[in-house]
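To keep things clear, I will list the structure first and then write my remarks on it.
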Amino acid sequence: MELRVAHLYPDLMSIYGDRGNVLALTQRARWRGIAVEVRPYTAGMTFDPDWPDLFFFGGGQDLGQDIVGADLQGPNGDAVKRSLANGAAAFLVCGGYQLFGGEYRPEMGDPIPGLGVLDVRTKAGKQRFVGNLVAEAPEGNLVGFENHSGRTYLGSGAVPLGAVVVGHGNNGEDKTEGAVQGKIIGTYSHGSCLPKNPWLADKLLSWALERRHGTVRLIPLDDREERAANEQAATVARARP
Ligand code: GLN
């Protein structure tokens, strides 16, 4: 089996250890004997819509989102939509999560139109949400670090990834964190997220491999260290909400 990961705008949107998510996906696939190729997909390139099995899209400052938002309004955005329609999965963190939604309204400047493939909308608030983030999901804790001014609200087409236990999550109001729609998952969890949340990494891997390999049952890995890191981070976060 072979996995193709397209890292969206790694030069413009990758902060707070986001690249670690690509490393975690790559390593967890390789530990199972799956060959992995990672390609950057960024502004100035012509995206091949038939290549990706999985997109990773990290976070970024409002300025970077401006540039990236403009690129996604062109043929590259259409290519990403075609890949998703062809069964590719996507994992999005913070600024990347916001730009797969309908729009991101920054504190200053014009609204940045999003790709509109995730039923969420984001509007910046005055206070930044910064700190540890813990949310409960059916598969377990989701732990990470958040730093955003954006407040994200889900429409009826998306469901929350988890329920906030510590931190602010999507908007600091409705206790939801992240969003799931089809094979697209968005989260406010930086840190990086996937090394401490192996259940989420494996969900994305099996969705991505399905595109060209049919239903895949991943062999379980020895995740004692990952789980210990998850529990440790959750304990620290709960101790200092
Ligand atoms: N610029 C966006 C915000 O402030 C996203 C920030 C991020 O990706 N960490 O909400």
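Remember, it's 1-based here, ligands and their atoms both numbered in the order they're listed.
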Handout entry: Which atom of G144 lies closest to which atom of S189, heavy atoms considered
Key =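 Where G144 meets S189 most closely, the heavy atoms are CA-OG, 3.2 Å.
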
Which bit of [X] is near ligand 1, meaning a heavy atom under 4.0 Å away: side chain, backbone, both or neither?
X	answer
I15	side chain
M13	neither
D62	both

Distance to 0.1 Å, residue and atom name: give those for the protein heavy atom nearest to [atom].
atom	value
atom 7 (C) of ligand 1	C94 SG, 2.9 Å
atom 10 (O) of ligand 1	G150 N, 2.9 Å
atom 5 (C) of ligand 1	G60 O, 3.3 Å

Problem - Per-atom contacts of ligand 1 with R128, taking only distances under 4.0 Å to non-hydrogen atoms - result: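 What qualifies from ligand 1 is 4 (O).
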
Exercise for the section: May I ask whether Y104 places a heavy atom under 4.0 Å from ligand 1? Expected result: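 Yes.
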
Problem - Sub-6.0 Å ring centroid separation between Y9 and Y41 - result: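 Ring-ring flag for Y9/Y41: false, centres at least 6.0 Å apart.
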
Handout entry: Centroid separation Y97 to Y188 less than 6.0 Å
Key =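 That pair passes the under 6.0 Å test.
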
Problem - Set of side-chain hydrogen bond (donor to acceptor under 3.5 Å, both in side chains) partners for R121, sequence neighbours left out - result: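 With neighbours one apart ignored, the set is empty.
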
Exercise for the section: Taking side-chain hydrogen bond (donor to acceptor under 3.5 Å, both in side chains) as the test, write out the residues that go with N197, two or more places apart. Expected result: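 N197 satisfies side-chain hydrogen bond (donor to acceptor under 3.5 Å, both in side chains) with N230 only.
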
Practice task
Would you confirm whether D53, through its side chain, and R211, through its main-chain N or O, come within 3.5 Å as a donor-acceptor pair?
Solution key: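 Checked: no pair found.
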
